[in-house]
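Before I ask anything, here is the structure I am working with.
Counting starts at 1 for both ligands and their atoms, in listed order.
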Amino acid sequence: MTTSLVTGPTAGIGAAFARQLAAKGHALVLVSRDEERLGRTADELRERYGVAVEVLAADLATEPGIAAVEERLRDASRPVDLLVNNAGFGNRGTFLVAPMADELRMLRLHCEAVLRLTAAAAEGMRERGRGAVVNVASVAAFMPRGTYGASKAWVVRFTEGAAQELRGSGVRLLALCPGFVRTEFHARAGMNADALPSWAWLDADKVVAAALRDLARGRTVSVPDPRYKLAVALARHTPTRMFAAASTRTGRRYDPKNPPGPRTPR
Ligand SMILES: NC(=O)c1ccc[n+]([C@@H]2O[C@H](COP(=O)([O-])OP(=O)(O)OC[C@H]3O[C@@H](n4cnc5c(N)ncnc54)[C@H](OP(=O)(O)O)[C@@H]3O)[C@@H](O)[C@H]2O)c1
């Protein structure tokens, strides 16, 4: 039986991963902070797909949260075959507006947790000669967009480097780089999602299906949808300064009714 551990499975892209992996018959380990919501998500998945679902409530922006999930991933008696590092968030405001504590929380969740959980999972996978890790980055990785874009650029480069270093071991790594996806992300970050044109939005289920296809094909970076493949190609060939202005204008429109500043709890 295949077991997959998904972080951030209670909403958006992580929920789509959990559903699609359960539909393929994977047993699941679900990790996020809200214990009650995790329990509800697990019940729905068990009922609908008849798979075993374990829950682990942990805040992956904290040391105890990361350590608890590392311990679960290192438990050789219950091996995890696929790790999806998906949990993430956007800050409520640009540089010097978002509080430093929130910037550091982001680096811990997007970088430290991804590094440590990938290592904890990949050690056992390498011993068994098989396994995979999907790290959810963003097209923002290819554009200057504050700490968010920088943290996602780290996710892409880290994943590419680790994939190269583990080549031939049976462990595959993929960095998933979606464009705008309708999830809870923008409301949580106080962004005005209505300011974006409808054609810019992707569907979480399609994004996840594309990622799983790219993983099976042995790709290391997945940019679902031709619109965003083009955007990434443009970003790579446009002077950074020009692209930075456009990227920040489109990607970080905050909701005037919910002004930028410290994060509201959850
Ligand atoms: N939506 C987009 O347009 C978009 C585009 C590109 C990339 N992404 C990336 O896709 C990933 C998923 O985003 P989404 O849009 O699906 O967001 P979402 O709908 O807001 O879901 C976020 C999930 O992560 C969990 N989470 C948040 N902080 C956590 C923490 N500190 N510890 C553990 N779990 C945590 C949340 O549950 P709890 O609150 O209960 O912990 C929830 O399950 C993120 O890495 C994001 O950066 C999103």
Inset, instruction - Assert yes or no for the condition that the ring centre distance of F95 to Y148 is strictly below 6.0 Å. - result: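 No, they do not, as the ring centres are separated by 6.0 Å or more.
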Legend entry - Nearest candidate to atom 22 (C) of ligand 1, where distance is taken over non-hydrogen atoms, out of A204, G65, A57, G88: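 Selected option, by shortest heavy-atom distance: G88.
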Inset, instruction - To the nearest 0.5 angstrom, please state how far the CZ atom of R108 sits from the OG atom of S151. - result: 15.0 Å
Legend entry - Same apolar cluster: V114 and V136, side chain cutoff 4.5 Å: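 Not linked; separate clusters.
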Inset, instruction - Quick one: look at R188 and ligand 1, take heavy-atom pairs under 4.0 Å, and tell me if it's side chain, backbone, both or neither. - result: side chain
Inset, instruction - Consider every N or O of I13 and every N or O of ligand 1, then say whether any pair is closer than 3.5 Å. - result: yes
Inset, instruction - Could you walk me through whether E63 and R116 pass salt bridge (charged side-chain N to carboxylate O under 4.0 Å, His left out), step by step? - result: CA-CA 11 Å; E63 175 56 35; R116 288 174 56 182; 2.8 Å; yes
Inset, instruction - For D59, counting its heavy atoms only, list the atoms of ligand 1 lying under 4.0 Å from any of them. - result: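 The atoms of ligand 1 under 4.0 Å from a heavy atom of D59 are 30 (C), 31 (N), 32 (N).
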Inset, instruction - Could you verify whether a donor N or O on one side chain and an acceptor N or O on the other, from N135 and T159, lie under 3.5 Å apart? - result: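 Yes, a side-chain donor-acceptor pair sits under 3.5 Å.
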Legend entry - Residue selection (non-hydrogen contact nearest atom 47 (O) of ligand 1) among Y148, Y228, F180, F89: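 Comparing heavy atoms across Y148, Y228, F180, F89, the nearest one to atom 47 (O) of ligand 1 lies in Y148.
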Legend entry - Side chain, backbone, both or neither: A15 near ligand 1, heavy atoms under 4.0 Å: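 Neither; no heavy atom under 4.0 Å.
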Legend entry - Atom indices of ligand 1, in the order listed, that fall short of 4.0 Å to a heavy atom of P9: 43 (O)
Legend entry - Heteroatom proximity flag, V181 to ligand 1, N/O under 3.5 Å: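 Min N/O separation from ligand 1 is below 3.5 Å for V181.
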Legend entry - Rounded distance (nearest 0.5 Å) linking atom NZ of K152 with atom SG of C177: 9.0 Å
Legend entry - Mode of K152 contact toward ligand 1 - side chain, backbone, both, neither (heavy atoms, under 4.0 Å): side chain
Inset, instruction - Specify the closest pair of heavy atoms between L83 and M125, including all atoms of both residues, with the distance to one decimal. - result: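 Between these two residues, the closest heavy atoms are N-CE, 4.1 Å.
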Inset, instruction - Output the list of atoms in ligand 1 that are nearer than 4.0 Å to some heavy atom of G12, sorted by atom number. - result: 16 (O), 19 (O)
Legend entry - Cluster link V221 to L202, ILVMFWY, side chain under 4.5 Å: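 Shared cluster, yes.
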Inset, instruction - Please check if V155 and V207 belong to a single hydrophobic cluster, counting links between Ile, Leu, Val, Met, Phe, Trp and Tyr side chain heavy atoms closer than 4.5 Å. - result: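 In one cluster: no.
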Legend entry - T10 neighbourhood, listing ligand 1 atoms whose heavy-atom distance to it stays under 4.0 Å: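 Reading through ligand 1 atom by atom, the close ones are 37 (O), 42 (C), 43 (O).
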Legend entry - Close N or O approach (S138, ligand 1; < 3.5 Å): no
Legend entry - Proximal ligand 1 atoms for A87, defined as those under 4.0 Å from one of its heavy atoms: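 What qualifies from ligand 1 is 24 (O), 26 (N), 34 (N), 35 (C), 45 (O).
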Inset, instruction - Could you tell me if any non-hydrogen atom of G179 lies under 4.0 Å from any atom of ligand 1? - result: yes
Inset, instruction - Of all the heavy-atom pairs spanning P79 and T3, show the shortest one and how long it is. - result: O-CB, 3.6 Å
Inset, instruction - Using a 4.5 Å cut-off on heavy atoms from C-beta on, say whether the side chain of L28 contacts that of E54. - result: no
Legend entry - Atoms of ligand 1 close to H186 [distance to a heavy atom under 4.0 angstrom, numbered from 1]: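 Here the atoms of ligand 1 in question are 1 (N), 2 (C), 3 (O).
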Legend entry - No-hydrogen, no-angle side-chain donor-acceptor test under 3.5 Å, S4 and H26: yes
Inset, instruction - Taking only heavy atoms of L60 into account, list the atoms of ligand 1 that are under 4.0 Å away from them. - result: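 What qualifies from ligand 1 is 30 (C), 31 (N), 32 (N), 33 (C).
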Legend entry - Proximal atoms of ligand 1 relative to A58 (non-hydrogen, under 4.0 Å): 32 (N), 33 (C)
Legend entry - Side chain, backbone, both or neither: the part of R37 lying under 4.0 Å from ligand 1 by heavy atom: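 R37 to ligand 1: no contact under 4.0 Å from either part.
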Inset, instruction - Kindly work out whether a path of hydrophobic side-chain contacts (I/L/V/M/F/W/Y, heavy atoms less than 4.5 Å apart) joins V80 to L56. - result: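 Same cluster.
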Legend entry - Proximity of A140 to ligand 1 by residue part, where a heavy atom lies under 4.0 Å: neither
Inset, instruction - Tell me, please: is V136 in heavy-atom contact with ligand 1, that is, under 4.0 Å? - result: yes
Legend entry - D34, any N or O under 3.5 Å of ligand 1 N or O: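 Yes: some nitrogen or oxygen of D34 is under 3.5 Å from one in ligand 1.
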